[in-house]
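Structure record follows, encoded as structure tokens.
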Protein chains: 2
Amino acid sequence: MTSTATIADASVTGDVSSPVRCCAPLASPALSDTEAGATAALFKALADPNRVRIVHLLATSPGPVCVCDLTEPLGIGQPTVSHHLRKLLDAGLVRREARGTWAYYSLDGDALDRLVRVADLTGITGAAGIAPAADTTEVTEET
Amino acid sequence: MTSTATIADASVTGDVSSPVRCCAPLASPALSDTEAGATAALFKALADPNRVRIVHLLATSPGPVCVCDLTEPLGIGQPTVSHHLRKLLDAGLVRREARGTWAYYSLDGDALDRLVRVADLTGITGAAGIAPAADTTEVTEET
DNA sequence: CACGAACATCGATGGATGTCGATGCACGTT
DNA sequence: AACGTGCATCGACATCCATCGATGTTCGTG
């Protein structure tokens, strides 16, 4: 189906006046399926309020935090906390350190850096198709 | 609910040697419930491979893109594309411009900036409880 | 004025996910 | 050795979500 020559026939004249077929030949997905999935997985790890709170608690804590420290401020059961921590662990956002009976969790600074980088990558700041929000131009000079 | 005063009794002795009750009183969630929810919602908007691809396509496209331009590279139906675009629209990541029969979408540069800022905010880079992911355990480094 | 195209919405459905209670395991104290 | 504590896992359940097909609306052309 990708052979739709009619699409190319629509031409990229730029005028959107006639309902021919529309559809200018967009760039094919330069993002591989695997990469898109990995990026989505990283975001999905933070797509829950309680996990956001966990990351925030880990960030604001002066040191590693054990599971039982999280159940109360979050207001959820211990199995659920373990569940969320596992999600964050799988995403590589936190690190686990078993210490006797306890399990201490801490943020992975490298992962957070990766997160910021992905956020930039997603938008490719400075690309063309970005509508400047308000003040036109001036679109985040980023790094 | 959870009036467990015993927790405070555990005290912040700092030594984790005896299984008294553990649980040093972590800082209460400095993140408001509303804020945590908003942050999670922003991440949730990008927690899907197809939406990541859409954002990528919008970013790499030389100009605004209509819905029919997306159905083919994504390989999903038109209603589903509209569904995803609505999610991105609700999250404020894209902007919609009706133009005759077509609807043109473009990225919202301000929203992307906000995304990067939230990613920073989530981790508060430079906070204490962050493991530098240095040489120690070498993590897994995923794929 | 009638037809076709693009798009949003509706209803339905299968799969993923957050939450809980109960259970099992590891470890340190008594 | 026996007990208690912290934690991960299991099974179950309710809910959310991505996807599709069908439908209705709007707009431009013949």
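Keep in mind that what you see is a predicted model, and the values were worked out from it rather than measured. Residue numbering restarts at 1 for every chain, and letters A, B, ... go by the order of the sequence lines.
Contact check for Leu107(B) versus Leu93(B): no side-chain heavy atoms found under the 4.5 Å cut-off. Counting heavy atoms from C-beta outward, Thr39(B) and Leu46(A) have side chains that stay 4.5 Å or more apart.
Whole-Å rounding puts the His83(A) NE2 to dA22(C) C1' distance at 17 Å. Atom CG of Asp90(A) is separated from atom C1' of dA16(C) by 15 Å (rounded to the nearest Å). The interatomic distance linking Arg99(A) (CZ) with dG28(C) (P) rounds to 11 Å, in whole Å. Here dA8(D) presents its P atom at 14 Å from CH2 of Trp102(A), a figure rounded to the nearest Å. In this structure, the CG atom of Asn50(B) is 9 Å from the C1' atom of dA18(D), given to the nearest Å. For the pair Leu85(B) CG and dA8(C) C1', the computed distance is 11 Å after rounding to whole Å. Whole-Å rounding puts the Tyr105(B) OH to dA8(C) P distance at 4 Å. In this structure, Tyr104(A) atom OH and dC7(D) atom C1' are separated by 12 Å, rounded to whole Å.
When each of Thr71(B), Val67(B), Val65(B) is paired with Asp69(B), the side-chain contact (heavy atoms from CB on, under 4.5 Å) condition holds for Val65(B) and for no other.
Residue Arg96(A) places none of its side-chain N or O atoms closer than 4.0 Å to OP1 or OP2 of dC7(D). Considering only side-chain N and O atoms, Thr80(B) lies nowhere under 4.0 angstrom from the phosphate OP1 or OP2 of dA18(D).
Between Arg53(B) and Asp48(B), no side-chain nitrogen of the basic residue sits less than 4.0 Å from a carboxylate oxygen of the acidic one, so the salt-bridge criterion is not met.
Ranking dG18(C), dC17(D), dT9(D) by closeness to the Asp48(A) side chain, first place goes to dG18(C). When the nucleotides dA8(D), dA8(C), dC27(D) are ranked by their closest atom to the side chain of Thr101(B), dC27(D) comes out on top. The Lys87(A) side chain lies nearest to dT17(C) when the options are dA8(C), dT17(C), dC7(D). The side chain of Val67(A) sits closest to dC7(D) out of dG18(C), dA18(D), dC7(D). The nucleotide whose nearest atom lies closest to any side-chain atom of Arg51(B) is, among dC7(C), dA18(D), dT19(D), dA18(D). The side chain of Pro79(A) has dT9(D) as its nearest neighbour among dC20(D), dT9(D), dC17(D).
Judged by distance alone, with hydrogens and angles left aside, Gln78(B) brings a side-chain donor or acceptor within reach of the base of dA8(C), the pair sitting under 3.5 Å.
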Set out, in order, the CA-CA distance, both residues' side-chain angles and the distance that settles salt bridge (charged side-chain N to carboxylate O under 4.0 Å, His left out) for Asp110(A) and Arg114(A), then state yes or no. CA-CA 6 Å; Asp110(A) 186 47; Arg114(A) 180 161 42 108; 5.3 Å; no
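Comparing Val81(B) and Gly100(A) against DNA chain C, the residue whose closest nucleotide sits nearer the 5' end is Val81(B).
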